[in-house]
Amino acid sequence: MPDAEHRSIRGDLVGGLVSAGVAIPLAMGFGMFAFVSFGDEYFASGALAGLMTALVVGVVNVLLGDKSPTLYAPRIGTTFFLGVLLYGLAHSDAPVVRSGGLPLTLAVIFSIILLGGVFQLLFGLVRLGTLIKFTPHPVMAGFQNAAAILLFLVQLGNVFGFDQNMPFVQALQHVDQAKPLSVLIAMLVFVSMWQARALLPRVPSPLVGLAVGTVVYYAMIVGGALALALIASIDALLCARLLARPGDPRVDGDRLLGRLGAGNVLAACFGGITSGLNPGPTLVNRAFGGRTPFSVLVNAAAILLAIALLFPLIGYLPRVALSAVIMVIAVQNVDRWTLHTIRRVASGSTPYRRHLVLELAVVLVVAALSVVVNVVVAVFLGVAIAVLLFAVRMSRSIVRRSYRGSAVRSRKSRTIEQMIALERASGSVLVVELQGALFFGTAETLAREIAEQLQ
């Protein structure tokens, strides 16, 4: 028994240290990408934020009862989302944001991260983990593809050797100067003012318009935090499913979200960004013997050592080398389900080609809206489209075909008496072949169709 315990501790030590060698560069790279809108002078601060995220969230999850050797770090989807939010704040023309400067921008973005962690914690407490994991995959696939595309594009300035990292929209010479969120708020004000007389006849329409516009404008933080929590939760549940091995205990999605939410709340207080499960280093940790939460703490200790000793050297790392690494990671993070679905559609051999084409359309819409318009709009609109497609699909009949017993002949050998009895009753027998999902919505339609057939 002591030998087995000794081997377990040794495996955790080796697994934690080796996996830290994989986790540290990834955490640094994603942190720098999240803070790229602040400019090159915050290059090192972003790296520190990524490392602090991996440290804090890992320790918090172990302290809150995670018994597995799963490692945690910033994720491509949430990092991309935070990068877009930071870019919008850094380039905002709003007088309040401009007067507050960088301190206000930092306060807002870390408030969003903290509030996102609170929402994620609430998801776990109210047991939404089971529900969230059924979010349509095309929505998440479209978002992940958009993240991979933008994560690739924003590195072009460093790779090409430009003095400053710039958004790729600047490379397109500012084709569109319009700010989509401002246009959206204006449209909401227009609609609310036109409908004010019908909805609130005693309130002047300008006051209604101002109230709606002001509420929507300042609700962007809550909306961003809620969208961030949704993206982080879906990603965490998908990664948990990916990391599950035969024989492992079933992952409690609610507890996972609760631990992650608490970790992200604390990470925001320490200057970190949103974290999630880290599949690559986790697999390395297991491969080198990590079996208990002790390996996670060893990994966190190695990250802490890197923060203390290596952080002063981070500023000397070539941006071109780190950006090239991130570009490779971006290509590797293109959604595999999307590529597989494209191959199935292109082959023309799949029996559900039309269904797959619709799902690919959702992927394209979410990705395009994320790149061109706004991430929050893309996420919620993508979910709405997927729900609508599901409702339309479920509203269709699940009856493949139906026929009377007299229309077919049994191949089973029977006596003459049985054949005569079957022949007499065959006209009253209705055979119904079903396809698709059967639930309370389609069951009612099925019952009605059967009743009509039996009349």
Side-chain angles (χ1 to χ4, degrees), residues 1-31 47 50-76 79 232 235-253 255-260 262-264 266-267 270 272 274-311 313-314 325-326 328-329 332-333 336:
M1 193 68 178
D3 291 339
E5 184 177 353
H6 177 74
R7 287 195 300 269
S8 176
I9 294 176
R10 180 181 178 182
D12 286 336
L13 284 171
V14 175
L17 291 174
V18 175
S19 61
V22 180
I24 289 174
L26 290 176
M28 290 170 51
F30 283 129
L51 291 173
M52 188 63 69
T53 300
L55 168 65
V56 173
V57 177
V59 173
V60 168
N61 273 268
V62 172
L63 294 179
L64 291 181
D66 188 1
K67 302 299 183 183
S68 70
T70 301
L71 302 178
Y72 301 86
R75 297 288 298 156
I76 183 172
T79 303
D235 180 77
L237 294 171
L238 289 175
C239 288
R241 188 186 308 170
L242 176 66
L243 292 171
R245 298 175 299 179
D248 285 350
R250 187 180 65 85
V251 176
D252 189 327
R255 290 188 177 182
L256 172 62
L257 295 183
R259 294 195 304 264
L260 269 176
N264 284 324
L266 194 58
F270 280 87
T274 303
S275 179
L277 277 68
N278 203 358
T282 297
L283 295 176
V284 173
N285 185 25
R286 291 175 177 175
F288 280 85
R291 295 293 181 270
T292 69
F294 181 60
S295 63
V296 182
L297 297 180
V298 172
N299 179 275
I303 294 174
L304 179 61
L305 188 63
I307 293 174
L309 301 181
L310 301 180
F311 182 69
L313 303 177
I314 292 175
V325 170
I326 295 175
V328 173
I329 294 173
Q332 293 173 343
N333 274 276
R336 304 297 179 190

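Model, not experiment: these values are computed from the prediction.
Between P279 and C239, the shortest heavy-atom contact is CG-SG, 3.9 Å. When all heavy atoms are compared, the tightest approach of P69 to R291 is CD-O, 4.0 Å. Minimum interatomic distance between N299 and G16 (heavy atoms only, all atoms of both residues): ND2-O, 3.5 Å. Closest non-hydrogen pair, K67 versus P293, comes out as O-CD, 3.3 Å. Considering every non-hydrogen atom in both A236 and L257, the closest pair reads CB-CD2, 4.5 Å. In terms of heavy-atom proximity, N61 sits nearest to V57 at ND2-O, 2.8 Å.
L243 places none of its side-chain heavy atoms less than 4.5 Å from the side chain of V251. In this structure, R241 and L237 have side chains that are not in contact, with every pair of non-hydrogen atoms separated by 4.5 Å or more. A heavy-atom distance below 4.5 Å is not found between the side chains of D66 and L256. A heavy-atom distance below 4.5 Å is found between the side chains of M28 and L51. In this structure the side chain of L71 reaches within 4.5 angstrom of the side chain of N285, judged on heavy atoms. Side-chain contact between M52 and S275: absent, with no pair of heavy atoms (C-beta onward) separated by less than 4.5 Å. Annotation: side chain of V56 is not in contact with side chain of N264 (no heavy-atom distance under 4.5 Å). Side-chain atoms of F270 and T53, non-hydrogen and from C-beta on, never get closer than 4.5 Å to each other.
Applying the 6.0 Å contact sphere to CZ of R255 captures no more than 12 heavy atoms from other residues, nucleotides or ligands.
For the atom pair T292 OG1 and L297 CG, the distance stands at 8.5 Å (nearest 0.5 Å). We find the CD1-CG distance between I9 and L13 to be 7.5 Å, quoted to the nearest 0.5 Å. The CG atom of L277 lies 6.0 Å from the CG atom of L260; values are rounded to the nearest 0.5 Å.
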Query raised in the report: Could you walk me through whether R259 and V62 pass the side chain to side chain contact (heavy atoms under 4.5 Å, CB included) check?
Result: CA-CA 9 Å; R259 294 195 304 264; V62 172; over 6 Å; no
